[in-house]
Amino acid sequence: MYAFDFEKPGSIADAVAALKDEDAQALGGGQTLIPTLKQRLAMPSKLVSLTGIAEMQGISKAGGEIVIGGATPHAAVADGVAGDYPALAELAAHIGDPAVRNRGTIGGSLANNDPAACYPAAALGSGATIVTDRREIVADDYFQGMFTTALDEGEIVTGVRFPVPEKASYMKFEQPASRFALVGVFVAKYADGVRVAVTGASEEGVFRWSEAEAALSSDFSPAALDGLSVPADGMISDLHGSGAYRAHLVAVMAKRAVAAAG
Amino acid sequence: MPKDHGIGASPKRREDVRFLTGAGNYTDDINIHGQAYVAFLRSDVAHGRIKGVDTSAATDMPGVVRIFTGADFEGVGGLPCGWQVTDRHGEPMQEPAHPVLAQGKVRHVGDPIAAVVADTPEQARDAAEAIEVDIEELPAVIDMKAALKDGAPKVHDDLTSNLCYDWGFVEENKAAVDEAFGKAAHVTTLELVNNRLIANPMEPRVAVGDYSRATDESTLYTTSQNPHVIRLLMGAFVLGIPEHKLRVVAPDVGGGFGTKIFHYAEEAFCTFAARQLARPVKWTASRSEAFISDAHGRDHVTKIELALNGDNNFTALRTETYANMGAYLSTFAPSVPTWLHGTLMAGNYKTPLIYVNVKAVFTNTVPVDAYRGAGRPEATYQLERVIDKAARELGVDPIELRRQNFITEFPYATPVAVEYDTGDYHATMDKLLEMMDRDGFDARAAESQKRGKLRGLGVNCYIEACGIAPSNLVGQLGARAGLYESATVRVNATGSISVMTGSHSHGQGHETAFPQVIAEMLGIDESMVEIVHGDTAKTPMGMGTYGSRSLAVGGSAMVRATEKIINKAKKIAAHLLEASEADIELKDGAFTVAGTDKSVAWGDVTLAAYVPHNYPLDEIEPGLEETAFYDPANFTYPAGAYACEVEVDPDTGKVTIERFAAADDFGNVVNPMIVTGQVHGGLAQGIGQALLEGAAYDENGQLLNGSYMDYAMPRADDVPFFQVDHSCQTPCTHNPLGVKGCGEAGAIGSPPAVVNAVVDALQRAGREVTHIDMPLSPARVWAALNG
């Protein structure tokens with residue numbers, strides 16, 4: 001990696017200030033950024049670690065929602081929400097490997113918005129609210145395409161609020177090498193309807209499958225999805241599968257998620 | 001009651017204590033005071049003409065010691081090829097130059113153009129990035145058949161084409177083979193790809209060059225499976241350093257799998273630069289660098305045809321294979337698709353007529369060479385796949401079709417130039433059937449079906465030629481090296497023993513297994529025996545470890561040397577016991593006069609050898625140290641039968657391996673636990689090839705899966721709990737231990753079992769699928785299901 005300065009502020013305010021420097025970069029758990037630096041594919045002037053900020057750590061409940069601090073690692077989410085939101089806990093428990101789960105953070109994952117990451121499906125599928133140092137962004141506005149979000153330069157994801165659904169499940173079909181989602185589908189049933197979010201598949205990153213949402217909102221059963229499909233156009237096509245294959249898997253994983261949600 | 005020591009016992013691997021506690025001494029652990037670090041600037045295009053290399057800005061950067069380019073290696077030798085193949089017409093193969101640093105052209109992504117030596121690794125890398133290279137990119141040739149077309153861009157301008165050789169084997173049999181096909185009652189044809197693999201040993205390659213101005217001696221520490229071979233190739237052909245001024249050390253090595261056999265440019269560079277700079281020079285590959293600079297494996301495209309008569313006996317076999325050499329000839333590359341592949345095409349079967357044609361092709365890709373099995377997996381895969389296809393076409397049981405064609409009488413001379421000394425293929429098949437519970441398959445398939453899964457069963461046999469040798473034969477076949485092995489057994493004064501072997505352990509457990517052999521012969525405790533390997537300054541000239549040869553060839557050298565020790569020790573004991581040498585027996589670590597209670601302990605005899613006060617000095621010399629070089633009479637021929645049961649998820653195409661049974665005949669077994677572990681590892685690699693791995697290049701020669709994000713290595717949860725058996729033992733007839741070798745079997749025998757099983761699952765489900773090319777990724781299987 002190239003040389004950089006390093007700061008580990010103790011508060012959100014100090015982190016925001018530190019990130020004002022040109023080419024400063026926030027560092028969560030570093031599970032994407034550190035390998036990128038090692039490959040010399042990024043050259044930040046300064047890394048600002050967010051892991052020393054107490055107010056960005058931990059899990060709490062407020063107003064029927066689960067609030068997760070932006071610097072909370074996946075393993076802590078897997079443990080912490082197992083009772084209140086088991087589908088989210090399961091998702092967190094199957095991201096990467098133990099090292100990734102104990103270093104990687106929910107805020108880091110959402111800020112990076114890798115098109116094959118798991119957390120974007122949970123956030124979009126739950127209609128979560130992304131809390132930053134300066135505002136709140138609903139998930140539908142937050143995800144804006146592959147590696148692209150509504151975050152401004154220097155803006156930090158300080159927390160995420162998840163409304164708790166009646167039922168939910170996440171089904172991931174793993175890419176054989178990286179074990180990221182080749183296709184992952186998050187299904188969540190709320191009193192006012194069902195949300196279906198798909199990761200891994202689209203060239204536009206995580207997206208909601210509205211036809212499936214409509215069908216499942218009137219009949220929350222795998223059979224409700226019979227005959228429904230997403231178009232292969234716009235799906236990622238690579239070494240691990242064509243767009244048509246990914247489109248097919250979206251329907252398969254969606255049905256399985258509904259079946260698992262019960 | 002299993003033995004608790006000696007041959008046949010399973011003591012735990014003594015080397016694992018240091019490996020598992022972080023106390024191993026790997027090449028990257030070697031740091032020499034004052035060492036500088038190398039960063040290679042590598043080509044990012046597959047094919048191009050170097051118009052200029054401007055190092056001026058880089059040279060002035062902090063810490064830079066010196067920058068080397070191809071020009072610094074003019075007058076220095078290129079990397080030699082260790083095997084010359086003669087083509088169908090009696091002409092030698094086309095053999096291009098392989099410079100240490102690119103000269104004139106770059107020929108694959110990863111080809112080294114320049115090397116920066118600097119005080120720190122970061123400074124070296126910074127400066128390498130500051131070198132300005134002007135490359136005129138040329139069209140790349142990636143596809144082998146396209147590379148052979150008229151007018152295709154040439155990888156090497158000075159060669160007549162991209163064809164390295166067009167090999168026919170046995171050329172004299174071709175007409176008879178063609179005639180047999182004309183008369184066949186049935187012909188089964190299969191076209192397939194043996195996918196290109198990247199070995200990915202856990203430890204990347206490392207080289208540390210050192211030079212002493214005081215003694216004019218060079219030392220290379222390197223991640224090698226065969227330090228003497230590196231010393232010979234690099235010293236004699238590249239750098240011109242005589243053996244007595246060049247030491248090569250390969251300390252603990254974290255996996256080789258073939259890719260650490262070869263002599264690499266980085267080794268020569270570090271040795272060369274250390275002399276030039278009179279300063280130690282170190283290079284450690286990153287994983288990314290390993291993907292584009294370690295020799296790859298396999299990469300064959302084959303058409304195979306099997307002719308059968310009306311009784312379903314195999315009457316002839318004909319193959320046409322395109323074998324990728326990559327951009328340069330790696331050390332043993334030409335031998336892999338020829339003498340390690342064509343000679344095995346008879347498999348376990350008495351097919352009387354065989355013709356193998358291999359076209360070896362240069363392309364703008366990383367060089368391809370031996371990888372676990374090397375040629376034999378390619379032979380086994382195509383043969384066992386075409387037999388399976390034939391059984392389906394004929395509507396006969398695939399096991400019975402194999403059985404009726406088994407070779408049953410030994411020795412057996414195949415029509416492809418080798419003679420199997422011994423074997424019993426029905427025995428391993430019987431054992432396999434016992435292990436695999438074939439009768440229970442239908443019930444298991446029904447249970448799978450309830451869960452919406454398709455279950456399939458694949459069975460195949462394999463044979464391999466191991467313990468590669470003998471030297472005079474391989475010399476006739478084009479090898480530019482001998483293939484014996486050496487051992488020095490040094491008995492110390494108090495009776496402890498140091499065994500210096502030319503074999504090299506990089507995961508095989510030699511430090512545990514070899515002492516079992518010595519201890520068995522002498523009747524002493526294994527803990528008294530230490531194995532020394534991996535250092536040309538300590539061990540006699542030896543050829544190293546590959547081709548499952550260490551116990552069969554290296555172990556035999558140890559046996560021969562130990563026999564010499566016993567002969568001499570008996571003379572000493574006879575003197576001490578005042579008895580006739582003919583009456584001396586060695587048992588349980590003591591020398592006894594037969595029929596009496598007179599004896600002298602091992603330690604007293606060894607002490608007498610070094611403190612020869614009461615000693616037959618007029619008959620024998622003091623000391624107790626013997627060396628033997630063993631050159632075997634033939635290859636060994638391990639064989640076996642494997643069965644795989646898979647489940648296919650028809651919704652996703654995902655294949656899971658539910659059961660895997662391996663019945664192997666390795667001849668005698670020294671340490672069954674280590675053998676089982678070797679088979680486990682081989683099976684995992686074979687399953688990796690069948691389901692997961694496969695280097696992919698785009699049409700411009702960019703490696704598409706040059707990291708673990710896209711190159712899928714097998715992991716623990718990709719494989720089942722294996723059933724492994726090696727109780728069927730037909731001892732090798734021509735080495736003193738009766739052993740055959742076990743290191744590659746799993747990787748050779750398993751890919752066809754997996755593919756046969758997946759095709760079986762699809763056919764049982766009514767799909768007209770006769771073949772899917774490896775790796776059988778979910779996407780490929782789904783496409784086959786929905787094609």
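Quantities reported herein were computed from a predicted structural model and do not represent experimental measurements.
- Using a 4.5 Å cut-off between heavy atoms, B:E693 does not touch chain A at all.
- A pairwise comparison of heavy atoms in A:Y245 and B:P778 identifies OH-CB, 3.1 Å as the closest pair.
- Looking at A:M1 and B:E122, their side chains never come closer than 4.5 Å, going by heavy atoms from C-beta outward.
- Under the 4.5 Å side-chain criterion, counting only non-hydrogen atoms from C-beta, A:H240 is in contact with B:D710.
- The local environment of CG in A:D233 is sparse, with at most 12 non-hydrogen atoms from other residues, nucleotides or ligands closer than 6.0 Å.
- More than 12 heavy atoms of other shown residues, nucleotides or ligands fall within 6.0 angstrom of atom CD in B:E658.
- Rounding to the nearest 0.5 angstrom, the gap separating the OG atom in B:S707 from the CD atom in A:Q39 is 7.5 Å.
- By the 6.0 Å contact criterion, CZ on A:R103 is open, its count of non-hydrogen atoms from other residues, nucleotides or ligands being 12 or less.
- In this structure, chain A has a heavy atom under 4.5 Å from the side chain of B:D649, while its backbone stays farther away.
- Most heavy-atom pairs under 4.5 Å with chain B: of the set A:G241, A:S242, A:P176, this distinction falls to A:P176.
- In terms of non-hydrogen atom pairs under 4.5 Å with chain A, the most contact-rich of B:P775, B:A696, B:A712, B:G694 is B:A712.
- For A:F173, the part sitting under 4.5 Å from any heavy atom of chain B is the side chain, from C-beta outward, and nothing else.
- Distance NZ/A:K255 to CG/B:D651: 8.0 Å, rounded to 0.5 Å.
- Between B:R125 and A:Y2, the closest side-chain pair of non-hydrogen atoms is not below 4.5 Å.
- Ranked by heavy-atom pairs shorter than 4.5 Å toward chain A, the options B:S288, B:A779, B:S286 are led by B:A779.
- Note: A:S178 OG to B:Y711 OH = 15.5 Å, rounded to the nearest 0.5 Å.
- The side-chain heavy atoms of B:T652 and A:M253, taken from C-beta on, include a pair separated by under 4.5 Å.
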For this session: Step by step, work out the salt bridge (Lys or Arg N to Asp or Glu O under 4.0 Å) result for A:R40 and B:D126.
Result: CA-CA 10 Å; A:R40 295 193 159 197; B:D126 286 343; 2.8 Å; yes

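- Taking a 6.0 Å sphere around CD of B:Q449, one finds it holds 12 or fewer heavy atoms contributed by other residues, nucleotides or ligands.
- The parts of B:M709 that come within reach of chain A are both its backbone and its side chain, each placing non-hydrogen atoms under 4.5 angstrom from that chain.
- Atom CZ of B:R715 sits about 8.0 Å away from atom CG of A:D97, to the nearest 0.5 Å.
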